[in-house]
Structures are given as structure tokens and as C-alpha cells.
Amino acid sequence: MIHFNPDTRTFNLLLKTSYYAFQVDDADRVVHLGWGPRPDDVTDDDVISGTVAHKTYDTPWSFIAQFRPDEVLTFGDVTSHQVTLKASFPSLPVPLKDGEALHLPIRDLRLRYVDHAIVTDAQPGLAPTHGLPVKDNSPRETLRVRLKDPVQDFFVTLCYRLTPEHDILERWLELENAGQDTVSFEVCYFASLHLPAGTNELTYVSGAWAREFTSHRERLSPGTHIIDSRNLQTGHVTNPIFMVNRPGQAWEESGTVYFGALAYSGAWQIAVEQLPTWDVRVHAGYHSFDFQLDLAPGEKHITPAIVCGVSADGWGGASRRLHAFTHDRVLPRPPQGPRFRPVLYNGWEATYFNLSYEGQAELARKAAEMGVELFCVDDGWFGARRSDHAGLGDWVVRADAFPEGLEQLVREVHRLGMKFGLWVEPEMVNPDSDLYRRHPDWVLHFPGRERTEARHQLILDFGRDEVIEYIFSMLDALVERYSIAFFKWDMNRLATEPGSVVGKAIWRKHVAGVYRIMDRLRAKHPTLDIQSCSGGGGRIDLGILARTDQVWVSDNTDAFDRIGIQEGFSLAYPARCMEAWVTHEHSHITQRTTSLGLRFDVAMRGALGIGSSLNELSDAELAEYASYIAFYKRIRHVIQEGTLYRLERLEEFQASVIEYVQSDGREAVYSEAIHDYPIGSFRPAAVLKGLISSAIYTVTDRHNHEVQRATGYELMTLGLPREMTEHVGYSRTLYLQAI
Ligand code: GLA
């Protein structure tokens with residue numbers, strides 16, 4: 001609910017358990033008042049009036065005014081600290097005595113309140129255009145507050161879209177140049193968030209290829225801490241998510257935690273700034289490195305959104321709010337699509353580039369027999385692709401591998417009752433390819449300069465509309481010809497030498513191009529699913545999730561490493577979209593050996609996939625796989641749709657215990673995995689959440705054997721008894737059902 005008091009000119013945004021308030025002051029500046037949890041006994045009439053003034057910023061001391069928490073901080077009003085927007089206007093002539101004029105370029109922007117409106121159809125920039133519904137399509141209120149520079153014909157609209165049931169605010173900016181000359185931007189965040197003084201403990205993730213989503217928690221020293229991506233994709237090094245709280249005041253299930261996630265898949269930056277006053281600001285949006293945004297007269301720019309909120313129930317509550325929001329409001333849910341994410345087979349780690357019809361058909365038969373529902377052919381099916389040296393860009397089926405065409409395999413996969421999926425990497429080209437030989441000018445580069453390759457490939461210039469059109473037509477033709485139900489859309493390198501026909505705008509244009517192609521494909525083929533992959537988990541964010549169904553979190557499929565990677569992922573993203581494979585006993589990535597039980601128990605924590613070489617497995621092993629898959633299918637509705645609690649995190653007892661529970665509390669899945677087991681240690685039993693105290697639950701294992709029977713009350717107070725046989729790599733998955 002959005003509340004405006006015309007007398008005090010105060011805005012109150014009221015969400016389920018939190019509030020957000022700001023005020024237009026006497027000088028028409030829009031100044032933040034507060035953001036946080038609401039007391040339990042509030043009603044919708046309890047609002048902040050703005051009469052409890054915290055600080056006065058109108059003093060003769062200009063440095064104090066610099067601390068004023070404007071809802072949008074502009075270079076002009078603020079020069080000593082980070083700003084939300086920095087714009088350059090054309091120079092104004094200053095008349096001199098002798099009739100000459102001095103031209104002074106202007107880098108001063110001040111924004112003052114004009115008017116506001118509450119609407120229900122507002123969309124941030126780069127919102128999906130595929131037209132597919134999400135789970136919850138009910139209208140949401142957006143507050144639009146229009147501001148104007150007192151001198152220039154330049155408007156900024158501050159947008160706040162509310163999803164009250166999940167305590168989520170989406171914030172973005174709309175910039176409008178109503179003047180006669182071009183306005184250029186050097187800094188453009190989607191929003192600056194003002195957090196209470198001392199809120200300086202930051203949780204974020206970092207990583208690299210095969211080590212994505214390692215979570216960190218740090219108490220920040222004064223100054224600015226930056227997490228960012230200087231890439232055309234979201235990046236491996238970190239991910240655009242954060243949580244912040246007062247040190248020692250928040251835990252997994254309690255305390256106030258502010259959180260946010262960007263809905264954008266390109267060069268982004270989140271800067272957490274701690275002022276000398278201890279006030280904390282989070283600025284999030286476009287990276288200002290190599291940034292360019294020019295608005296010609298009459299032009300508008302709508303930024304993507306930062307999705308943010310505040311949890312009164314710790315980091316777990318922050319995660320659950322983001323999960324529910326993504327689940328209900330972000331992930332596409334075409335009515336004809338599958339209710340639950342299907343069990344997938346992907347042969348990458350089984351065959352790599354060594355593809356043949358016979359080999360794939362044999363894998364497909366074994367996969368179907370064990371219960372797989374979607375069969376995906378990975379890299380190597382096209383052009384001269386016998387290794388990563390050649391063929392990218394030539395999306396024509398390899399005749400040596402599939403002499404009867406891919407149709408033969410597609411028919412076999414369909415006959416076996418599975419859907420057919422294909423790997424593509426549409427943004428790339430190997431110099432050794434027909435596409436490159438035809439269009440050497442289509443790649444990012446600076447003419448006459450060195451041009452480095454990675455994995456022997458170059459990036460297509462999505463600054464060119466003809467490239468985007470070409471890629472769309474190519475993918476569209478593949479879907480039609482091979483009845484493709486699923487693309488694994490990969491993106492395997494970072495941009496170096498990012499020369500484009502559109503100059504610095506390429507960072508934004510590339511993202512917009514990828515989104516446009518995905519949106520058009522999905523609009524035309526509403527049952528097509530897409531998995532976002534970027535050399536593992538390099539493109540995961542709320543922007544890509546609005547047009548994909550699942551993401552590949554890491555090429556590291558070692559179940560041990562995966563426990564931590566998936567825990568980091570779960571800070572912001574829901575289990576439903578987390579593709580996780582069971583692969584070989586001996587990991588190709590880490591050379592570690594793990595039991596089948598651990599591999600399944602960890603992979604079943606998301607959308608289960610199988611990536612093992614099925615031809616190397618005995619009949620008994622294949623039967624074991626089938627038994628796990630059958631179990632997963634019995635419990636996946638709880639994993640993919642339930643509420644997630646991290647009952648125990650790795651950081652404390654080197655064990656990860658997760659519970660997924662249905663909203664009515666009648667079913668739950670309990671998943672334990674021991675990463676390390678210090679001898680002599682006795683890990684406490686993890687107590688469950690969200691059950692019905694008075695109900696009696698049966699607790700069953702994958703063979704449907706009842707291992708326990710207890711009331712919800714007992715399970716939520718004493719927890720499930722630990723097994724005395726625990727050891728490094730011990731794991732179990734149990735299903736709880738109220739009887
Ligand atoms: C990337 C992906 C892998 C696989 C290979 C194929 O590394 O992350 O899963 O598809 O490309 O080349």
C-alpha cells in the first residue's frame with residue numbers, strides 16, 4: 001500500500017512486515033526518512049509523518065548538507081560522496097564585457113519534486129517482452145515521483161514497485177531529456193539505498209570458474225566496498241546480490257537484514273558506502289567503468305531494477321523473500337509448460353565432443369529407462385566442432401556425427417518419451433568457422449589492435465542489429481526444425497578489447513540484445529525452455545531469470561564442492577531454477593571420489609539432472625540411479641515449490657542441513673550433507689521449521705521405509721535424531737508427511 005499525506009508531503013510504502021518512508025522538504029527535495037521492519041501491532045493507519053526530524057541538513061556548513069539522504073543523490077547537490085546520477089549538460093554561454101561569451105560546461109544536476117502518481121502497469125527497463133505469464137500475475141502498485149532540474153529541461157522519475165506480500169520493493173529510474181541538447185551520463189545507478197547508521201556487516205558471494213558462489217561475511221571499515229562485473233554478462237567473480245545488517249545483530253533466523261539483487265545481466269556495480277556519520281548507502285546499477293549513456297533531445301532511458309527489501313527474520317528470511325519473489329513474480333510460467341522442472345540428462349561429461357548418433361541414442365535409451373524426462377545434447381553437434389578450436393557460429397548439424405541428420409536422434413528421444421534439448425552458444429564465433437570467414441567484421445575488436453581469444457573464440461558484436469537478427473533467425477530455425485523443447489544457452493568467455501560499432505554503449509546493448517532474442521524466441525515458441533549457462537554460473541541474476549527457466553550454477557559437479565556453491569546460490573535464488581547434476585564417482589573437475597548417495601542427495605537439492613557416463617555403469621548402478629530418480633519425482637514438488645530453511649550452514653559445523661516445507665506445513669523434505677567431520681565433535685540435531693505442531697509426521701527414506709514418526713512439535717523442538725554413523729561425505733534425504 002502506498003500512502004501519501006499532502007499536508008506533510010510524506011510518502012509511506014507499507015509492505016507486509018516492513019515500511020519505507022520519505023518526504024518532500026520545504027525546498028522540494030525528496031529526502032529519505034526511514035526503511036525497516038514495522039512493529040508487530042501496526043495497522044495501515046500507522047504511518048510516519050516526518051515530524052520526528054532526525055537531523056537538519058540546512059546549516060551554513062555545506063559539508064553537512066552533503067550527508068542529506070536524498071532519494072536520488074546527484075552530482076550537483078553532492079560532490080563529496082558517491083552519487084546515484086552524474087550528468088553533463090551542454091555548456092551555457094556566460095556573457096563577457098566585450099560582447100564575447102565564455103562557455104562553461106555544466107556538470108551540476110539538482111532534482112526537485114514536481115508531482116507523483118500511483119499506477120499499476122509500470123515496468124522497469126529491460127522487463128521481459130515475451131508475454132509469458134508468471135505464477136502470480138496480480139497487479140502491483142508503483143509509485144512514480146517526478147523530479148526536475150530547476151535550470152535544465154531534464155526530468156527524473158523515481159519508481160518504487162511494491163510486492164507487499166514478499167516485503168519487496170523494486171526501484172528504478174526513468175530519465176527524460178526534454179531539452180534542446182544531448183545530456184550525457186557518467187554515473188547511473190538504478191537506485192541508492194539509505195540504511196540505518198552502523199548497518200555495516202556485508203554478506204556477499206565471490207568466486208571464479210568452478211568455484212562460484214562462495215559466501216563471505218565481513219564487517220566493513222569506513223569507506224566504500226565494491227562488488228562488480230566488468231563483463232558483458234553477470235560474471236563469475238561475484239554476483240549482484242547482497243545482504244547487510246548491524247554486526248552481531250543478525251543471524252540465520254533472526255535480526256534485521258537488508259538485502260538486494262539486480263535484475264540485470266551486464267556490467268554492474270554495487271557499492272556499499274559508509275559515511276563518516278556511520279550512515280550506510282548502497283548504490284546499485286550500471287558500472288561506471290567504460291560507461292556511456294547519452295540522451296538526445298526528447299529521448300528517455302528507463303533503467304533496470306534493483307530488487308530490495310528488509311527481513312526481520314535474519315539472512316534466512318531475506319533469502320526466503322527473494323526466493324518467493326523470484327518464484328511468483330520473475331520466473332516465466334507458461335500454462336502449457338511443465339509444472340515441475342523435469343529430470344534432465346546431459347552428456348557433456350560423458351562424451352565431450354565425441355558425438356555420434358549411436359552413442360547418443362544409447363545414452364538416451366538408458367536415460368529414459370532410469371526416468372529422465374529431458375535429453376540434452378551438449379557442445380559438439382555442429383559445424384567443424386570436433387574440439388573447442390573450430391565451428392562455433394556454424395549451427396549446422398555435423399554430418400559425420402549424425403549422417404541421417406539430427407532428426408533421427410530427435411525421433412528416438414521422443415519415442416522414448418523424453419523431450420529434446422540442445423546446447424548453443426549464440427553470442428560467439430571461432431575464427432575457424434564459416435560465419436567468421438563470411439563476416440570477419442562482426443566480432444568485438446578495435447581495428448588494427450591486438451585481439452585476444454579465449455577458448456579460441458571471439459564475441460559477436462551485438463551492437464549490430466543485423467547480428468541480433470541473424471542469431472534470432474538461426475535459433476528460431478533450430479527450434480522449428482528439431483522440435484527443440486530446451487536450449488542450454490551458454491556464454492563461455494569474458495570480453496576483452498570490447499570494440500563495437502556502438503562504442504561504449506556495447507555493455508548495455510549486448511545485454512539488451514540477448515534479452516531481445518530470448519524474449520522473441522519464447523514469444524514465438526511458448527513451450528520452449530531455456531537454461532542460462534555461462535561457463536558454469538557466469539550469468540545468473542533476476543534479469544536473465546525473467547526469461548529462463550533454470551540456470552547452470554557451476555561446471556564443478558563434485559558433490560563436496562557443490563554443497564558450498566549451492567549454499568551460496570541459495571542466499572538469493574530459489575531451488576526450482578538451480579540445475580544440479582549427478583556425475584561420475586571420480587570427479588573430472590576435482591579428481592575427488594564421492595559416493596552415489598552424496599552425489600544424489602546434493603543434486604536433489606535443486607532441479608535434478610544426470611551427467612554421468614551411463615555406458616560405464618553396471619546394471620545394478622543404473623538401477624540405483626533409477627531408484628533415486630523415482631524418489632526425487634516423489635518429493636520434487638516440495639523441493640521446487642516449498643519454502644527453504646537453511647537449518648544448519650557450513651560455517652558452523654561444516655555440515656549443511658536444508659529443509660523445504662510446503663506452505664500448508666503438511667509435507668517437508670529434510671536434506672543433510674556433512675562436508676567435514678572433526679573427530680570427537682557432536683553436531684547438534686537440527687530442529688525443523690514450518691510444520692504443524694499438533695500433526696504427526698511419518699519420516700521416510702528413499703525406499704519408502706519409515707525411519708521415524710513424531711509430532712510436528714517434537715520435530716520443531718528436538719529435531720530429527722542424528723545417526724551415529726555420520727562421517728565425512730555422509731548424507732541423507734528424508735521425506736516428511738503429516739498423517
Ligand atoms: C561450458 C558449460 C559446460 C559445457 C561446455 C561445452 O563450459 O558450462 O556445461 O556445456 O561449455 O563446451
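All ligand and atom numbering here is 1-based and tracks the order in the structure.
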Collect the protein residues that have a non-hydrogen atom under 4.0 Å from ligand 1 and hand them over in chain and number order.
-> Trp348, Asp378, Asp379, Trp423, Arg455, Lys488, Asp490, Asn492, Cys533, Gly535, Gly536, Trp552, Asp555
Are Phe289 and Trp268 close enough that their ring centers fall under 6.0 Å?
-> no
Evaluation steps, salt bridge (Lys or Arg N to Asp or Glu O under 4.0 Å), between Glu672 and Arg732 = CA-CA 5 Å; Glu672 253 176 356; Arg732 60 177 176 165; 2.7 Å; yes
Beyond-backbone contact of Ile270 with Tyr204, side-chain heavy atoms, under 4.5 angstrom | no
Measure from the ring center of Tyr345 to the ring center of Phe375 and say whether it is less than 6.0 Å.
-> yes
Do any pairs count as a ring-ring contact (aromatic ring centres under 6.0 Å, His included) and have a residue in residues 527-567, sequence neighbours left out, and if so which ones?
-> Trp552-Trp581, Phe560-His675
Quick one: does NZ or CZ of Arg702 land under 6.0 Å from the six-membered ring centre of Tyr628, within 45 degrees of the ring axis?
-> yes
